[in-house]
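So the structure is just underneath, and the comments pick up after that.
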Protein chains: 2
Amino acid sequence: MRRRGSSKGRALDLIRSQGPISRVELAEITGLTQATISNLVRELLADGVVSETGRGESSGGKPRMRLEINPASRFGVGVDLGADSSTFVVADLAGTIIGRLGIDGPGALGPADYVRRMADDLAHLLDGLDIDRAAVVGLGIAAPGPIDREAGVIVGAPSLAAWSEFPLTAELSRLTGFSCVLDNDATAAALGEFWLGATEVGSTYASVYMGTGIGAGIVFDGTVYRGSRSNVGELGHVSVDARGPECPCGNRGCVELYAGPHAVIARAREAAASGGIDLEFTGVAAADFAAVAEAAITGHPLALALIEDSAEYLAEAIVSLVNIIDLDHLVLAGSAFEKVGAIYVRTIQHIVGERALSRHLQHVSVRMSVNGTDAAALGAATMVLQEQLSPRSLQSVTLA
Amino acid sequence: MRRRGSSKGRALDLIRSQGPISRVELAEITGLTQATISNLVRELLADGVVSETGRGESSGGKPRMRLEINPASRFGVGVDLGADSSTFVVADLAGTIIGRLGIDGPGALGPADYVRRMADDLAHLLDGLDIDRAAVVGLGIAAPGPIDREAGVIVGAPSLAAWSEFPLTAELSRLTGFSCVLDNDATAAALGEFWLGATEVGSTYASVYMGTGIGAGIVFDGTVYRGSRSNVGELGHVSVDARGPECPCGNRGCVELYAGPHAVIARAREAAASGGIDLEFTGVAAADFAAVAEAAITGHPLALALIEDSAEYLAEAIVSLVNIIDLDHLVLAGSAFEKVGAIYVRTIQHIVGERALSRHLQHVSVRMSVNGTDAAALGAATMVLQEQLSPRSLQSVTLA
DNA sequence: GGCCTTTCTTCGGTGGCTAAATAAAGCAAT
DNA sequence: ATTGCTTTATTTAGCCACCGAAGAAAGGCC
């Protein structure tokens with residue numbers, strides 16, 4: 001039985017994530033022979049994506065050569081496309097962000113106009129960086145779902161309703177000249193987490209992504225799980241009260257109605273109206289939520305209660321997620337966790353540890369993403385890097 | 001990139017599920033060349049698991065040979081181990097049940113004694129069948145989770161609490177001489193559904209299994225998804241009211257408390273106590289639920305309301321499942337659906353069609369398992385057949 | 001019969017891997 | 001310095017599953 005993914009890609013993954021590493025270690029980890037590794041590494045060296053950087057300490061015989069990723073050999077561009085704002089990042093092969101640009105969301109702009117603006121902004125961003133344009137392998141787009149990944153269209157995001165007919169990847173590809181791929185923002189964040197080696201390979205984990213909506217990306221053994229149509233992990237529309245209020249999505253009692261930024265803001269507005277808290281609201285969800293979060297960590301008890309309440313509801317949905325897909329790790333990412341991530345981590349860890357069915361068998365670890373707010377954009381960038389350099393897939397493998 | 005699973009196994013899968021099929025068709029479906037298929041088929045013929053059964057209709061040239069599975073060449077034994085009752089089935093390679101035996105559950109018997117009884121009963125069952133003992137490839141055990149699949153132990157099933165330290169597969173293997181594997185009952189049911197060809201390969205689907213508990217088995221592209229520790233799909237402990245009553249599992253508002261057989265029985269008992277319905281209760285969950293179900297389909301409005309209520313709650317949990325893992329198909333299996341499956345199918349189809357987030361992108365089909373009540377036992381039998389004849393796995397594939 | 005079509009098999013050849021032999025690079029004892 | 005030992009890296013031959021092309025077999029049609 002063969003493994004999925006090319007061995008070359010796997011070797012590259014290891015060199016990237018396990019830092020300076022020798023051929024012998026690669027052979028041990030992969031189970032391939034030293035001969036095979038030697039050949040694969042030769043190709044990687046020829047491709048320029050890996051370099052030999054001195055020798056390791058001698059262990060009695062010939063010292064092993066240290067292999068390292070060559071960060072500047074390839075670059076990926078990622079964009080986190082959101083209603084309120086979008087973020088571009090340019091990442092090198094090591095996953096380091098070498099360029100970043102935040103722009104306003106589409107607002108009143110139609111998709112066609114906004115995409116033109118994106119292409120312009122990206123061109124400027126790249127012009128300002130001293131990198132070889134030919135080393136940029138592509139553009140990854142992270143967007144809130146539901147999406148049609150094959151078609152490259154955001155089909156059903158409530159916050160981007162006008163985009164449901166717009167050929168997003170096709171247009172961006174035409175305007176930028178890059179090959180473009182679209183994926184769910186939570187999925188992109190999860191992939192970025194794996195790419196940066198912060199999660200051990202071989203484990204099953206999910207990212208919980210909260211921007212203005214809530215999503216989950218699932219990574220199984222280094223491979224993104226996309227389900228039947230890439231619309232996996234709509235955690236925000238897991239119900240925490242099946243007989244609760246109706247959600248615009250059609251379901252009832254969706255956790256987003258209780259834990260999502262919009263819900264937190266709405267309650268904070270109520271509190272403000274009745275004088276319980278002193279906050280100004282801009283009408284931009286991300287900014288308003290940040291204001292509540294800021295109040296919470298600076299000790300305002302009411303704001304803190306709102307955030308803790310949100311964390312509890314989110315944790316309750318996560319318990320269902322864990323009971324359904326049996327996770328090892330959980331990683332929180334997205335702008336909503338920027339200030340108050342620690343509160344969410346603590347609450348979720350506590351509730352999952354108390355309520356998940358398999359809690360006696362295994363400990364589900366919960367922590368913040370190493371990539372913070374840029375997790376989705378960076379994940380989108382790594383997506384194109386991965387697709388180019390170490391393709392792997394569960395989806396494309398058909399049994400018959 | 002190679003596919004997972006041996007090509008030989010894939011060819012066998014196709015011959016089994018696609019009925020009489022020619023080499024040319026196999027080549028078309030698998031994408032392998034006719035030459036390769038010819039070689040694989042030769043091996044399968046030599047193994048005796050496949051036979052040539054006459055020629056197909058001529059299409060102008062040499063008529064194609066029809067290949068069929070040789071059902072009597074291998075057999076698998078499966079047992080659905082439950083608290084109230086257990087069921088053995090002996091299945092041939094075509095998935096036909098050629099022997100079946102229902103026995104009482106452990107009751108007051110300890111695991112060691114019950115396992116001895118199981119071994120005896122199985123021996124009798126096999127003695128009564130005219131099959132070559134050497135053609136039996138193994139024994140699959142389906143049990144309610146949580147389980148430790150590697151260790152072969154039922155670690156946390158509330159209804160089988162006494163078994164949490166008992167080396168189940170080791171003991172059964174010692175007593176029967178068969179190689180034993182343990183899996184979740186819902187997972188087994190899902191696998192059985194795939195094995196019998198009732199679900200097209202390449203699709204993502206889940207079985208919802210309701211015996212006395214509620215579980216879900218997830219099959220992705222012909223391969224069982226086992227998560228990190230095989231404790232995937234604990235649908236019964238998905239919450240439908242996060243602030244609802246406490247469940248013995250530690251969570252709150254688990255759907256099992258609303259939709260599970262125990263819940264239905266409890267409400268029926270209340271109704272009976274207040275004279276609303278005339279039913280006798282035995283104290284055995286399966287029988288009592290069957291009585292309520294019987295009343296429901298024979299037109300008793302209160303019983304019908306109870307069942308419909310259960311179906312609605314279950315459907316609400318399923319919406320969360322669908323939103324999380326993006327399914328194509330849903331299959332209902334397990335004893336609870338024996339009489340009232342149609343009601344559940346209708347209700348679930350309706351609610352999922354109305355509430356699932358991706359409902360505009362795809363239609364999630366809902367239907368009863370082709371294997372009915374024996375789905376888990378038959379699935380367990382197919383599990384060992386599959387492991388022997390067409391091994392495949394997501395879990396054992398490690399990236400590093 | 002001869003000819004065409006379609007099915008199935010045989011026969012080199014290739015890619016990705018392995019195992020085993022060999023080359024290279026260091027340390028240590030003499 | 002030379003010899004020996006250890007460990008690392010590369011080369012070599014060979015295996016295995018597969019492919020492509022050519023051939024053999026089995027039918028229909030003229």
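What you see below is based on every heavy atom in this structure, not just the backbone, and it leaves out hydrogens, waters and symmetry mates.
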For A:E52, enumerate each residue passing the salt bridge (charged side-chain N to carboxylate O under 4.0 Å, His left out) test, keeping only those at least two apart in sequence or located in another chain.
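A:E52 satisfies salt bridge (charged side-chain N to carboxylate O under 4.0 Å, His left out) with A:R23 once adjacent residues are dropped.
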Test of understanding: with salt bridge (charged side-chain N to carboxylate O under 4.0 Å, His left out), list the residues that count as partners of A:R133, not counting sequence neighbours.
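A:R133 satisfies salt bridge (charged side-chain N to carboxylate O under 4.0 Å, His left out) with no residue once adjacent residues are dropped.
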Angle by which the axis turns from one end of the helix from C:dG1-D:dC30 to C:dT30-D:dA1 to the other, five pairs per end, to 10 degrees
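Roughly 30°, once rounded to the nearest ten degrees.
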What is the distance from [atom1] of [X] to [atom2] of [N], rounded to the nearest Å?
X	N	atom1	atom2	value
B:L32	D:dC16	CG	P	19 Å
B:R64	C:dC8	CZ	C1'	12 Å
A:R10	C:dG16	CZ	C1'	13 Å
B:L26	D:dC19	CG	P	13 Å
B:I37	D:dC18	CD1	P	9 Å
A:L45	D:dA9	CG	P	11 Å
B:K62	D:dA26	NZ	C1'	6 Å
A:E25	D:dT8	CD	C1'	12 Å

Those residues that, when tested against [X], pass side chain to side chain donor-acceptor pair (under 3.5 Å) (two or more places apart):
X	answer
A:S365	A:H329
A:T36	A:T33
A:N231	none

Going 5' to 3' through nucleotides 10-15 of chain D and flagging B where a protein heavy-atom sits under 4.0 Å of the base, S where only the sugar-phosphate is that close, and - otherwise, we get BB----
Does a nitrogen or oxygen in the side chain of A:S22 sit under 4.0 Å from OP1 or OP2 of D:dT8?
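Looking at the OP1 and OP2 atoms of D:dT8, neither is under 4.0 Å from any side-chain N or O of A:S22.
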Any luck finding a side-chain donor-acceptor pair between B:T53 and B:E68 under 3.5 Å?
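A donor-acceptor contact under 3.5 Å links the two side chains.
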Tell me which nucleotide among C:dC8, D:dG20, D:dT8 gets nearest to the side chain of B:M65.
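Of the options given, the side chain of B:M65 lies nearest C:dC8.
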Salt bridge (charged side-chain N to carboxylate O under 4.0 Å, His left out): which pairs involve residues 375-389 of chain A, sequence neighbours left out?
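Every pair satisfying salt bridge (charged side-chain N to carboxylate O under 4.0 Å, His left out) with a residue in residues 375-389 of chain A: A:R149-A:E387.
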Among residues two or more places apart or on two chains, list those pairs meeting salt bridge (charged side-chain N to carboxylate O under 4.0 Å, His left out) that have a residue in residues 24-45 of chain A.
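As it turns out, the salt bridge (charged side-chain N to carboxylate O under 4.0 Å, His left out) pairs with a partner in residues 24-45 of chain A, which skip direct neighbours, are A:K8-A:E43.
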At their closest point, which heavy atom of A:L182 faces which heavy atom of A:D148, and how far apart are they?
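The answer is CD2-O, 4.3 Å.
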